[in-house]
Amino acid sequence: MKTDIIIAGVGGQGIVSIAATIGMAALHENLNLKQSEIHGMSQRGGDVSSNMRISSNEIASDLIPYGQADLILSIEPMESLRYLPYLSKTGWLVTNSAPFININNYPELDDVVAKIKSLPHNVIINADAIAADIGSRRSSNIVMLGAASHFIDMNFDSLKEGLRQIFGRKGDAVVDANIKALEAGRKYVADNYKL
Amino acid sequence: MSKLLLLGDEAIAQAAIDAGMSGMYAYPGTPSTEIMEYIQHSKLAKEYKIHSDWSTNEKTAMETALGMSYAGKRSMVAMKHVGLNVAADAFVNSSITGVNGGIIVVVADDPSMHSSQNEQDSRFYGKFSLMPIMEPKNQQEAYDMVYEGFEMSEKLNVPILLRITTRLAHSRAGVERKEVQKHNKLILPKNPTQFVLLPSIAKVQYKELLDNQAEFIRLSEESKYNTYTDGTDKKLGVIACGISINYLNENYPEGVPFPVLKISQYPIPKKLVEKIMAECDEVLVLEDGYPFVEEQIKGVLENEPIKGRLDGSLPRDGELNPNIVKRAITGEQFEITIPEIVEGRPPALCKGCGHIDAYQALNMALNKYGKGRVFSDIGCYTLGALEPYNAINTCVDMGASITMAKGAADAGLVPSVAVIGDSTFTHSGMTGLLDAVIENTPIVVLISDNYTTGMTGGQDSHALGRIEKICEGLGVLPEHIRVFNPIAKNMDKMVAILEEELAYDGISVVIPRRQCVQTMRNKELVAKVKELKLNDFE
Ligand SMILES: Cc1ncc(C[n+]2csc(CCOP(=O)(O)OP(=O)(O)O)c2C)c(N)n1
Ligand code: SF4
């Protein structure tokens, strides 16, 4: 198997936790993995992304070549489009619809959503609302991971195991909230999209 | 042992811990910062009492490591590429002193300038200093090279330069560990004058270093990290340095059809280069950074059939990637079209950052003098160059704010203002301030104190609780050292203080002081600030 994922968003939206969870899940399944991320300026509201590659074979490059990503997993709608050159013709774009507006020239949200919906394989859901519904507002990143889990070639249980490893230190309540968020994202997509 | 999922930086740190390193020395700098941070958080490092406090700057880090080496123990230094400019005096001379305990100097270059002001290639420093250079292709090689590097340094009596780039530093992969080695015993150098670089001694040791070059080349030629893989299509040969081999392999999952020479250890393995040049019609050189190998093989006379960054086969600047490498070999073009609707999202100062209020006050106070007289430095506050602040006019290298303001004042631009952060001030602002004190130059030095090294993620600042004392000690008059809390309700007072000091015909220091909002959850820092009573001022 091979899944190449671009994880996208804005500094502070929890991209690192998503990447770490997938990473742990991949180790759990004994898969090869390379994950390249941008640090540094990331905490000051700039765009951030991570190249995540999982494969049963050896992986050469840390960077995903253009046109080869199987999945763009984005926590922010405009950011999901920034990485389109990486998406393969058969790849999926899965994004949160709730915008993060910290620039004056943020485009009209309707236009952004229209552009996303014009793509052949897109999933756009309001992860912030889903996270709020289940009472854990800060887990919209993990809701998105759950939504995208349909397109990651790994056992869903491995992702849960990944969450346990990443959040274990913070106690059972945090782990449970995140697992709930993961399941809610997955279920929402299963219920509302024909996959 | 089981595999760990580690960043390149973390693999380097783990290897140093496992290889019996006794002291880690560094000043933060993206993308090298996580090396020290990993050691600071490592239980094993604590158990072995490995030194892991930050240094004031890269030069003090390099020199302290050299001192530890003198005492027989293994030490490592880490910095970003421009840090090596700061450490260069110690670094270049350390190849002539040689080592007692092994030294590895890790320098993280930043091609494409993800978070730096240039993309200088540290391999030139290694060559300049006549040191062996290691350039790992992945996290595992980074681990292995560090693990074996201390012994190599001790055997060859020279520090080893480990050169990485952002991509490796900040990429995770599985890494296999090796057994933990014992630390060296405290033991003085056998030759008591080894570290005395008087000309008479330095001449002898420099000759030895020169004589050792042949051995360094031989080691490169035999290194397991430099590999020659034959291919059937000899129209082209590829020399791939460090991580660039991965971009090549990515394009040929079934195996590269051309002969490939991978270089991960320098000096350049001469015999292997001769071989690939002899076997192939043309040779493409892939390297992330400057055309370091390409230029050396090509020579001034350019009579070798070499392709690379110099003839336009590859871009002259920026990071490589699989597509760029493919285009250089096959001519296959690629297009990058981002939908027009997508806008840039540059980093900005955090909401509630004290730098913002300091800049507002400064802009108001400077109104009557006109624009173009604020010399700034490197840190979060550099973002004050952008909208809506437009508050600063320069950013060159760490420490350059105070000295450039002085030079401009010397030229007649009075008043001139320097804006510098607390960590940058102790990194390399203090010496420039002394210059200004000696001549009582009419500049205002604004030290925006947020108790931390904010830009790189909130590391300790050596300036904590010391700034006024340092300035007074250097000779700034106490009545011209002014501290205030940069919050909106103080705006009038801040502007008044700045106006007074701008009108003063001499050196003054103004200190807006408020904790970086990103460090509010750092309990240790909050307690320290309380203990030092830093927030208790008018
Ligand atoms: C020679 C050198 N070393 C390290 C760095 C990385 N770096 C950039 S700014 C900075 C320090 C910023 O701290 P401070 O001056 O306190 O300002 P703040 O970011 O907290 O506002 C560092 C370490 C660099 N650019 N140059
Ligand atoms: S990290 Fe700290 S110093 Fe930097 S912009 Fe944010 S609040 Fe300001």
Side-chain angles (χ1 to χ4, degrees), chain A residues 10-12 19-20 23-24 26-27 30-48 50-53 57-68 76 78-86 100-108 111-112 114-116 118-119, chain B residues 2-5 7-8 30-31 33-34 114-116 138-139 166-174 243 245-253 319-323 325-326 334-351 353 380 383 387-388 454-458 518:
Chain A
V10 179
M24 282 298 173
L27 276 198
N30 259 324
L31 294 167
N32 292 305
L33 150 87
K34 281 201 172 184
Q35 182 235 324
S36 170
E37 61 196 38
I38 304 287
H39 287 216
M41 313 280 271
S42 56
Q43 59 181 229
R44 276 165 294 284
D47 55 275
V48 291
S50 172
N51 277 228
M52 179 99 213
R53 314 194 74 186
N57 295 326
E58 208 182 310
I59 304 162
S61 163
D62 299 83
L63 291 171
I64 300 170
Y66 296 117
Q68 273 198 32
E76 208 281 344
M78 184 184 82
E79 291 307 323
S80 75
L81 293 171
R82 195 184 299 284
Y83 305 94
L84 266 193
Y86 288 94
F100 186 97
I101 303 180
N102 63 345
I103 48 173
N104 297 329
N105 53 346
Y106 195 93
E108 283 299 323
D111 297 347
V112 174
K115 176 75 202 170
I116 291 167
S118 74
L119 298 168
Chain B
S2 69
K3 272 196 177 175
L4 296 173
L5 184 56
L7 290 177
T30 313
T33 311
E34 291 84 355
H114 295 286
S115 45
S116 314
N138 61 20
Q139 294 75 357
T166 304
R167 198 50 63 187
L168 178 61
H170 283 174
S171 176
R172 275 194 183 82
I243 63 168
I245 185 89
N246 305 330
Y247 302 142
L248 177 68
N249 288 337
E250 179 72 27
N251 285 302
Y252 296 97
E319 225 183 343
L320 298 176
N321 66 33
N323 300 83
V325 169
K326 187 177 194 177
F334 58 93
E335 235 184 288
I336 317 167
T337 342
I338 298 171
E340 241 168 70
I341 195 169
V342 177
E343 298 290 348
R345 201 190 294 258
L349 290 167
C350 305
K351 265 201 199 100
C353 173
C380 285
L383 296 169
E387 296 284 352
M455 185 79 169
T456 42
Q518 295 288 352

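Here is the naming used below: chain letters follow the sequence lines, and residue numbers restart at 1 for every chain.
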Exercise. Test side-chain contact (heavy atoms from CB on, under 4.5 Å) on B/Arg345 and A/Tyr106 and set out the steps.
Key: CA-CA 9 Å; B/Arg345 201 190 294 258; A/Tyr106 195 93; 3.7 Å; yes
Quiz item: Quick one: what part of B/Glu387 sits under 4.5 Å from any heavy atom of chain A, side chain, backbone, both or neither?
Solution: neither
Self-check item: Partner chain B: residue of A/Leu84, A/Asn32, A/Leu33 with the largest heavy-atom pair count (under 4.5 Å)
Solution: A/Leu33
Self-check item: B/Ile341 and A/Met78: CA distance, side-chain angles, deciding distance, side-chain contact (heavy atoms from CB on, under 4.5 Å) verdict
Solution: CA-CA 8 Å; B/Ile341 195 169; A/Met78 184 184 82; 5.8 Å; no
Self-check item: Selection from B/Asn251, B/Ile338, B/Leu349 maximising heavy-atom pairs under 4.5 Å formed with chain A
Solution: B/Ile338
Exercise. Quick one: list whatever passes salt bridge (Lys or Arg N to Asp or Glu O under 4.0 Å) with A/Lys115, sequence neighbours left out.
Key: none
Self-check item: Distance, nearest 0.5 Å, that separates CG of A/Asn104 from CD of B/Glu343
Solution: 10.5 Å
Quiz prompt | By salt bridge (Lys or Arg N to Asp or Glu O under 4.0 Å) - contacts of A/Arg82 (at least two apart) | solution = A/Glu79
Quiz item: How close do B/Ile336 and A/Tyr66 get, heavy atom to heavy atom, and via which atoms?
Solution: CD1-OH, 3.5 Å
Quiz prompt | Atom CG of A/Asn105 with >12 non-hydrogen neighbours under 6.0 angstrom | solution = yes
Exercise. Under 4.5 Å heavy-atom distance to chain A, tell me which part of B/Asn249 shows up: side chain, backbone, both or neither.
Key: both
Quiz item: For A/Leu27, is it the side chain, the backbone, both or neither that has a heavy atom under 4.5 Å from a heavy atom of chain B?
Solution: side chain
Practice problem: Measure A/Glu58 against the heavy atoms of chain B and call it side chain, backbone, both or neither at under 4.5 Å. | Solution: neither
Self-check item: Heavy-atom contact with chain B under 4.5 Å, split by part of A/Asn102
Solution: both
Quiz item: Rounded to the nearest 0.5 Å, how far does CG of B/Leu248 lie from OG of A/Ser61?
Solution: 11.0 Å
Quiz prompt | A/Leu81 versus chain B, the contacting section by heavy-atom distance below 4.5 Å | solution = both
Quiz prompt | chain B contacts, top residue of A/Pro65, A/Pro107, A/Ala20 (heavy-atom pairs, under 4.5 Å) | solution = A/Pro65
Practice problem: Calculate, to the nearest 0.5 Å, the distance between atoms NZ and CG belonging to B/Lys3 and A/Asn30 respectively. | Solution: 9.0 Å
Quiz prompt | CZ on B/Arg172 to CG on A/Asp62, rounded to 0.5 Å | solution = 12.0 Å
Practice problem: Supply the atom-to-atom distance A/Glu37 CD to B/Ser171 OG, rounded to the nearest 0.5 angstrom. | Solution: 8.0 Å
